[in-house]
Amino acid sequence: MRIKKVYLDNAATTQCDKRVVDAMVPFFTDTYAVASSDFSHSPGIEAREPLENGRAVIADKLGAKPEELIFVSGGTEANNLAIKGIARAHRKKGDHIITSSVEHRSVKDTTVALEKEGFSVTWLPVSKEGFIVMSDLEKAITKDTILVSIQHANQETGTMQDIEAIGALCRKKSLFFHTDAVLTFGRVPIDVRKSNIDLLSVTAHKIHGPKGIGALFIRDGIKIEKTMHGGFNEFNKRAGTENIPGIVGFAKAIELIESDETQVIKELKCRLRDGIMKRLEVVQLNGSLEKSISTILNLTFRYVEGESVILHLDMKGIAVITGSACFSRSLEPSFVLKAMDISHEEAHGSIRFSFSRFNTEEEIDYTIDAVCNIVKKLREISPIAPDK
Ligand SMILES: Cc1ncc(COP(=O)(O)O)c(C=O)c1O
C-alpha cells in the first residue's frame, strides 16, 4: 500500500477546511469595507455584521460575553498582549509573574522580554508527565505577584494542566490568570467563568481555520496596556484594521466542529499508539496517558535518532516532527522534554504525531507499518542498541 501524503503535523497547523475558505471569499470581494468605520457609509456598517457575528460565536464557545473578546493576528499576539498588557498596566501593584517551564515560545520569550524590563519571573518545574505541581504554584506566590500564565495543553506532548484548580487558586489570591488555550479551543470544553480565567488565547489555524487570526478573551473590567498602537479598534485594546475574512473563517471553523470529532481523533491516536507499541519494544510515551489532548501523541523510540526517523518517514510521504533539533533549531533537545526530565538520548529519539479530522484509519495503519519498519532497520545499524 502506498499513500501519497499523510499529514501528521496538525499541532503545527491544520489544513484549512474548504467550507471555511468558501465562507471567507465574499468578504474579500464583496463585503470588504473597513468594519470599524462606525459612522461612515453603508458598506462600512454592513461589514460590522460579520465582525460582531464572529465575536459572538467565539465568545459563546468560551462562555464569555462578546465584548470580552478582541481579535488579534493569532496565538502569538494574543499571548504577547495578555502577558505584556497585564504586566505593564498593573506594575504598580507588583512586578512578579509566574509561568511554567514548558510554555510555548510566545509565552516563554514574552516573559523573558519582560524580565529585561525589570519584572521577575518564576518558571515552575513540571513532573515527568509534564504537569505543574499545585503546591509549587502556591509556594511561588509572593506579595508582588500579579499574573499567573499557565498553558492549557502542551504543544509537544499534549499534556493538559488543571486550569480549573489553577484558576481557583488565582482567584483566591487575587491574581490575574492567563491561559494559552491555542491547542484546546474547539477540542475541549472551556468555560472561562467556571475556571476563573481572566485572559485566554485562541487561534483559528489549529482547527481548520485560516492562519493569521486569533482572539484574546479579557474578562470584563480588566485593564490591559495596548501593545499595538494606531487606532481605536477592538474596544481600544488592539489597533489595526480588523481581518474580516479571517474572523468569518474562524467562526465557520468553530461551527464545523462535530460533537464527536474529539472522540474520532482520540481513536486514531490510540490506534497509532497501540499499533506501534504492540510491534516495537522500548517505546515510551512522553506526557500523560489520561490527561492529554486527543490531537497529540509523543513517543520516544530508544536507540534511534528522531531526525533519521522523520527523514525516512518523509520519503514515505508521512509528515511528523521530532523533539530534538526541529523545535530548537540547534542540536539541543527541546526545552519541554528537558523540563520533563527526559534524558538527552530519549529526547533525541522522540517523535510528535499530531492528528486532525482529515486523517483516516488507513493512514494510521500505513504509518504504523512505516514507523515499525524504519525503527527496526535503524536499530539494526545503531551502535547503542543492546541487541539487534
Ligand atoms: C500552545 C501554542 N501557543 C501559541 C501558539 C502560537 O499560535 P499562532 O501560530 O497562532 O501564533 C502555538 C502555535 O504553534 C501553540 O502551539
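Read the numbers this way: they start at 1 and go in the same order the structure lists the ligands and their atoms.
At a cut-off of 3.5 Å, with distance as the only test, no side-chain donor of Thr300 or Glu346 sits close to an acceptor on the other residue.
The number of heavy-atom neighbours closer than 6.0 Å to CD of Gln263, taken from other residues, nucleotides and ligands shown, is above 12.
Distances below 4.0 Å separate heavy atoms of Gly74 from the following atoms of ligand 1: 10 (O). Here is the list of ligand 1 atoms found below 4.0 Å of a heavy atom in Leu183: 1 (C), 16 (O). Listed by atom number, the atoms of ligand 1 under 4.0 Å from Ser106 heavy atoms are 4 (C). With ligand atoms numbered from 1 in the order given, ligand 1 contributes 1 (C), 16 (O) to contacts under 4.0 Å with heavy atoms of Gln155. Close approach of ligand 1 to Thr203 is summarised as follows: ligand atoms under 4.0 Å from at least one heavy atom of the residue are 10 (O).
Taking any N or O of Gly75, backbone or side chain, at least one lies under 3.5 Å from an N or O belonging to ligand 1.
With respect to the salt-bridge test (charged N to carboxylate O, under 4.0 angstrom), the residues Lys18 and Asp22 qualify. Ion pairing of Glu261 with Arg357 is present here, as a side-chain N (NZ or NE/NH1/NH2) and a carboxylate O approach within less than 4.0 Å. Lys84 has no carboxylate O lying under 4.0 Å from a charged side-chain N of Glu117, or vice versa, which leaves the two without a salt bridge. Glu363 and Arg271 are not joined by a salt bridge, as no carboxylate oxygen comes within less than 4.0 angstrom of a charged side-chain nitrogen.
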Exercise. For Phe358 and His208, what are the C-alpha separation, side-chain angles and deciding distance, and is it a ring pair (Phe, Tyr, Trp, His ring centres under 6.0 Å)?
Worked result: CA-CA 10 Å; Phe358 293 129; His208 307 289; 4.7 Å; yes
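In this structure, Gln151 has no heavy atom closer than 4.0 Å to ligand 1.
Here the protein heavy atom with the shortest distance to atom 12 (C) of ligand 1 is His104 NE2, 3.3 Å. Looking only at protein heavy atoms, the nearest one to atom 3 (N) of ligand 1 is Asp180 OD2, 2.6 Å. If you check which protein heavy atom lies closest to atom 11 (O) of ligand 1, you get Thr76 OG1, 2.6 Å. Residue, atom and distance of the protein heavy atom nearest to atom 9 (O) of ligand 1 are His205 NE2, 2.9 Å. In terms of protein heavy-atom proximity, atom 16 (O) of ligand 1 is nearest to Lys206 NZ, 3.5 Å.
Close placement of the His90 and Phe176 rings is indicated, their centers lying within 6.0 Å of each other.
Using a 4.0 Å cut-off between heavy atoms, Asn154 makes no contact with ligand 1 at all.
Grouping the Ile, Leu, Val, Met, Phe, Trp and Tyr side chains by contacts below 4.5 angstrom, directly or via other members, places Val320 with Val309.
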